[in-house]
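Chain A is the first sequence line, chain B the second, and so forth, proteins listed ahead of strands; every chain is numbered from 1. None of these values were measured; they are calculated from a predicted model.
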Amino acid sequence: GENVEQHPSTLSVQEGDSAVIKCTYSDSASNYFPWYKQELGKRPQLIIDIRSNVGEKKDQRIAVTLNKTAKHFSLHITETQPEDSAVYFCAASTQAGTALIFGKGTTLSVSS
Amino acid sequence: GAGVSQSPSNKVTEKGKDVELRCDPISGHTALYWYRQSLGQGLEFLIYFQGNSAPDKSGLPSDRFSAERTGGSVSTLTIQRTQQEDSAVYLCASSYQATGTEEQYFGPGTRLTVT
């Protein structure tokens, strides 16, 4: 079935460093790739998304890159801050174009 | 405006009992999704509703799980004869349409504990 693999499962960085989270997907028909951030005890919230017709998208300190040929996409956070500490989930749309298949999440810890 | 709401926020039940979890989507959103989040795991898709179309039930883990959406708004997820492995946070999300390329807005979740 459709699958999304996410790495690493945990990531610890110093404040100001960059953080990179990588995901691979199995369904070549996937065309939408959102990233959600879930702070402890809170609901997931969309932070950035990318569609298959572009290779990169940036929003201030966060950026996402997509390689459709290799079926992988990555989240890049620059100049990390303690408030970036959270669990980050990548996701890919399904062939039916309705539900999302999520990765297992990356717990990012930013220490000051 | 009001976001997605879910009730109850926490539910403790005994093994073998039935439970009902409720989701109120954002007004005007036609698509509604249920996910399950087990400890340390990602978001597991369970079921989705889009308008009056037949729901996509492909993610339901067993026939003990069912869901309905009345009047295209409120949805109820029912788990019959609960098992300990059903313990998880159940998240509901809604989006304006189910195009697969729209932001899904999540509710706060219901934490289910089966003892």
**Request:** Begin with the C-alpha distance, continue with both residues' side-chain angles, and end with the deciding distance and a verdict on side chain to side chain donor-acceptor pair (under 3.5 Å) for Ser95(B) and Glu103(B).
**Result:** CA-CA 6 Å; Ser95(B) 65; Glu103(B) 179 175 0; over 6 Å; no
**Prompt:** So, Thr115(B) and Glu14(B): side-chain donor and acceptor under 3.5 Å apart, yes or no?
**Reply:** no
**Prompt:** Is there a donor in the side chain of Glu44(B) and an acceptor in the side chain of Ser38(B), or the other way round, less than 3.5 Å apart?
**Reply:** no
**Asked** Is chain A contacted by the side chain of Tyr105(B), its backbone, both, or neither, given a heavy-atom distance below 4.5 Å?
**Response** neither
**Item:** Side chain, backbone, both or neither of Leu43(B) within contact of chain A (heavy atoms, under 4.5 Å)
**Value:** both
**Item:** Residue part contacting chain B, namely of Tyr36(A), when any heavy atom lies under 4.5 Å
**Value:** side chain
**Message:** Given heavy-atom pairs under 4.5 angstrom as the criterion, report whether the side chain, backbone, both or neither of Gln37(B) touches chain A.
**Reply:** side chain
**Asked** So, for Phe45(B) and Leu100(A), which heavy atoms are closest and what is the spacing to 0.1 Å?
**Response** CB-O, 4.0 Å
**Item:** Gln45(A) versus chain B, the contacting section by heavy-atom distance below 4.5 Å
**Value:** neither
**Asp56(B) CG to Tyr33(B) OH distance, which is reported to the nearest 0.5 Å** = 10.0 Å
**Message:** If I measure from the heavy atoms of chain B, does Pro44(A) come under 4.5 Å with its side chain, its backbone, both, or neither?
**Reply:** both
